[in-house]
S.K.: 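Take a look at this one; I'll ask things after.
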Amino acid sequence: MRLLWKLVILLPLINACAGDGPFRRPVFTQEPQDVTFPLDSAWPAVALRCAGDGHPPPRYRWRRNGTDLDLSASSHYRLDGGNLVVSSPPTGQDEATYQCLATNLLGTILSRKAKLQFAYLEDFESKARSAVSVREGQGVVLLCGSPPHVGGVSYAWTFNDDPLQEDNRRFVSQETGSLYIAKVEPSDVGNYTCSVTSRDARRSVRGPPTPLVQRPDGAMGEYEPKIEVRFPDTLPTAQGSRAQLECFALGNPVPDISWRRLDGSPLPGKVKYSESQATLEIPNFQQEDEGFYECTAGNLRGRNLAKGQLVFYAFPEWEQKIQDTHLSVYDSLFWECRARGKPSPWYTWLKDGERLGPQERIQVENGTLTITMLNVSDSGVYQCAAENKFRVIYADAELRVLASAPDFSKNPIKKTSVIQVGGDIAIACRPQAAPRATVSWRRGTQGLQPSRRVFLSEDGSLRIRNVTRADAGPYTCVAANQFGVARSTGSLVVKERTVLTVPPAPLDLTVGESVVLSCQVAHDPSMDVEFAWSFDGRAVDLKRGSAHFERIGGGSVGDLMIRNIQLSHSGKYVCTVRTPLESLSAEADVIVRGPPGPPEDVRVEHISATTSQVRWRPGPDNNSPIQIFTVQARTPFSVGWQAVSTVPEVLGGQTSEATAVGLSPWVEHELRVVAGNSIGIGEPSKPSELFRTKASAPTVVPTNIQGGGGSRSELVVTWEVKVGVYNSEGEGVPSTVSIVYSGEDEPRLAPRGTSVQSFSASEMEVSWTAIAWNRNTGRVLGYEVLYWTDDPREPTMGKIRVRGNVTTTTITGLRANTVYFASIRAYNTGGTGPSSPPVNVTTRKSPPSQPPANIAWKLTNSKLCLNWEHVRTTENESEVLGYKILYRQNRQSETHVLETNDTSAELLVPFEEGYLIEIRTVSDGGDGSSSEEIRIPKMSSLSSRGAPDVAEPGLRCLSVAVLILYRFAIQPLV
């Protein structure tokens with residue numbers, strides 16, 4: 001009961017801080033950093049920086065070496081905002097580790113640790129230094145005698161007041177400050193002075209000079225190297241820092257310095273060396289740079305070694321931080337933080353700046369924190385600290401434990417939910433409550449119970465499947481916990497579903513046609529419907545004045561009309577129907593076919609007096625395979641372009657070259673190529689380059705000169721004269737006197753209504769409609785049928801002429817199961833007219849190649865029973881439709897035929913006569929192979945041997961009634 005009263009008292013404050021309220025926990029915007037302050041600085045105070053953010057704004061306090069600073073007890077410390085100002089430093093207690101704490105109503109956070117120290121650099125002692133006496137060739141070490149200091153320093157030397165330049169003989173150690181001369185030379189005699197600089201103390205001091213004099217007892221002999229500057233046996237190095245190793249030796253001759261790794265791996269490529277090789281520097285030190293390093297100093301007298309280990313360490317870095325968490329009373333909290341570092345960090349937990357240890361409800365284990373049965377007092381700011389011996393880092397987060405009655409003010413039930421018949425809907429119920437509210441639903445005034453269609457989700461949502469009209473109405477969510485009850489109501493509106501009743505259908509069209517793509521729907525009359533069309537993924541422009549596209553219909557009709565359709569209109573059309581509740585779409589493929597495009601790259605080669613070879617590349621087939629090419633020629637003497645004869649005569653769709661024949665000698669020509677398909681004849685190619693045929697001497701005497709053989713549009717001329725021929729090569733023999741007439745025009749129209757069908761594996765019949773003759777069409781003497789295959793491996797082509805008004809012909813001798821094309825053109829004495837569009841047909845498969853086998857027969861009295869096995873065909877053969885039985889009497893040539901669909905038959909044969917019988921298959925491709933001839937002896941010879949019943953073994957005789965023609969009489973078979 002006491003706990004409940006505490007919760008009730010705290011509820012207003014908790015609710016104010018919950019959700020999207022104005023309260024924010026404190027966070028640091030600036031944390032204190034290590035400070036090294038010059039001891040003799042003119043500034044009277046030093047400041048440690050600390051700033052934070054939060055609402056309300058945080059208040060600040062500080063800790064020194066883990067103990068709270070009482071700022072009111074001393075004027076030595078004061079706060080400037082969040083900064084700690086130390087006045088009149090230093091005192092012995094001021095050099096310490098400091099931490100800043102920021103606090104507001106939601107909790108307290110503790111900053112990182114910052115060290116405050118004071119740097120100074122004292123003067124050298126003023127007394128003079130004794131001279132150092134050495135022999136020539138001897139090594140020497142001059143000590144700097146660094147004065148007392150705090151903070152980092154650097155060393156430099158002068159020689160006779162000039163800066164000393166290091167080389168392979170002379171080295172200044174930044175660790176000891178001493179000057180090392182590997183081998184003294186006479187030029188080294190003089191005064192040496194050491195200077196010390198402290199960047200932290202912002203001061204530099206210079207010591208007294210040290211004289212170096214040469215002993216008069218002669219030069220020193222050669223000796224092996226002696227290493228005077230060594231690096232530590234173990235040197236911890238932080239990740240990303242700069243590692244520096246020093247190694248220098250005295251010796252005569254001057255030793256050479258070299259470096260290596262003891263594990264045999266190469267030195268990092270990023271290493272740097274000093275001029276004398278005495279310093280090895282590794283920038284940006286990483287884990288792979290860790291290991292043992294060795295310095296070798298060598299000369300002619302020997303060598304000496306120094307080695308040590310670089311040990312990698314890394315400050316802790318966060319891999320997983322804790323996050324702000326809002327939970328209800330009685331819930332459980334689990335937080336985990338994780339950091340990497342070397343050595344591996346350990347973890348501690350803090351709440352509002354104070355260390356948190358295990359308690360009855362609190363478990364702390366490594367980087368995890370668990371608190372069960374939360375109450376409001378658990379609210380606060382928590383920190384996870386990850387620490388190794390080099391650094392400590394903090395991650396912070398707020399735990400807000402909430403206790404409140406259900407409240408819909410921020411998340412009310414949706415006022416109106418709209419769904420279609422047959423759909424599924426979820427109505428969310430998300431009140432704010434702590435602890436979580438228990439949710440129930442009501443429809444009108446009645447409680448709503450789960451059923452096969454109605455579900456109550458764990459999150460409180462109401463889900464209804466397969467919605468019907470009867471489900472419409474008001475729905476109320478009721479939320480309750482121990483602190484109160486709240487309700488929120490919304491309405492469910494049910495609409496009819498939109499259905500695509502007439503979707504667009506695939507179309508196969510010819511250029512120039514107009515078509516309507518349907519798109520019609522049935523929909524709820526209370527909803528607006530919007531139609532949109534796209535073509536190959538791009539919206540169709542339906543603006544007024546569009547050359548090809550127009551939207552027709554209204555309301556539930558959104559048809560698309562395409563006028564004068566073009567090849568570019570081939571593609572995928574999608575009709576999209578949108579309502580406020582859904583979007584439907586249907587698609588259809590439209591293929592637009594047209595005559596072929598013009599052939600390309602027409603080239604003429606191998607020109608003679610009357611022939612030339614022409615090559616070309618086919619143009620686009622425009623969605624209908626090219627079936628035929630025609631070569632046309634133009635000369636200065638022709639009227640326009642004329643078709644020329646070619647070899648081969650029929651140019652199928654796979655042809656790309658031909659020989660033009662019948663050209664005029666010594667005449668300029670142009671050639672072009674025209675392609676045709678089942679749609680029609682396409683545009684001609686560009687003309688070839690102009691060429692002249694070669695000259696040719698006349699070789700034939702003109703005879704039988706008469707009229708009727710000229711070209712079109714020539715003047716009719718008659719004369720009695722002699723006709724001769726000549727050219728630049730000579731004069732021909734003159735003809736006899738004749739009367740000649742001008743010729744007639746060839747037919748101008750192509751036959752229409754061309755069709756073709758196959759009757760067997762080797763035959764097809766071609767039909768067409770005759771051309772009605774008049775002055776405009778030209779006289780027709782007959783028709784020429786061109787046929788060909790389009791197989792590049794085994795091309796076939798042929799031509800048949802029929803005279804008169806014949807409109808059908810049968811072509812035989814064809815290959816089985818092959819696509820043949822056919823085209824018709826009319827002819828007269830003037831030549832042939834244009835060809836009809838090609839049509840095609842596939843000949844039937846070959847007839848069965850295997851004859852009937854295992855033929856058995858039985859002769860009883862005058863009844864002959866036959867039986868055989870069904871013939872099985874291969875994939876490229878026509879199926880067996882039946883069988884033919886061919887039989888004749890001995891010594892007779894007349895053969896009779898009996899057809900049956902079975903594999904058995906009965907024949908009535910007269911006495912005193914023998915028979916010869918063959919059986920063959922019947923198929924769409926024609927008759928198949930015949931069996932071997934079977935000889936049936938006459939009955940009298942069988943009876944004389946006392947054998948009234950004669951049969952082949954294994955005969956199965958089925959009764960099949962047949963009629964046999966014998967001696968012009970039809971006798972029934974019983």
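Source: prediction; values computed, not measured. For this chain, numbers begin at 1 and follow the sequence in order.
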S.K.: Are any non-hydrogen side-chain atoms of Val590 and Ile565 less than 4.5 angstrom apart?
M.R.: yes

S.K.: Above 12 or not: heavy atoms from other molecules or residues under 6.0 Å from CD of Glu657?
M.R.: yes

S.K.: Please indicate whether Glu689 has more than 12 foreign heavy atoms, meaning atoms of other residues, nucleotides or ligands, lying under 6.0 Å from its CD.
M.R.: no

S.K.: Distance check, rounded to the nearest 0.5 Å: Asn840 atom CG versus Ser823 atom OG?
M.R.: 12.0 Å

S.K.: Quick one: pull up OG1 in Thr809 and OH in Tyr783 and give me the separation to the nearest 0.5 Å.
M.R.: 13.5 Å

S.K.: Taking Lys845 for the side chain and Glu875 for the main chain, is one N or O donor matched with an acceptor at less than 3.5 Å?
M.R.: yes

S.K.: Would you mind checking if Asp601 and Arg603 are paired as a salt bridge, meaning a charged N to carboxylate O distance below 4.0 Å?
M.R.: yes

S.K.: Which distance, rounded to the nearest 0.5 Å, do you find between the CG of Asp924 and the CG of Leu881?
M.R.: 5.0 Å

S.K.: Taking the six-membered ring for Trp and the full ring for Phe, Tyr or His, determine whether the centres of His569 and Phe549 are under 6.0 Å apart.
M.R.: yes

S.K.: Does atom CD of Glu879 have more than 12 heavy-atom neighbours from other groups under 6.0 Å away?
M.R.: no

S.K.: Count the heavy atoms belonging to other residues, nucleotides or ligands that lie under 6.0 Å from CZ of Arg801, then report whether that count exceeds 12.
M.R.: yes

S.K.: At what distance, to the nearest 0.5 angstrom, does CG of Asp589 lie from NZ of Lys572?
M.R.: 4.0 Å

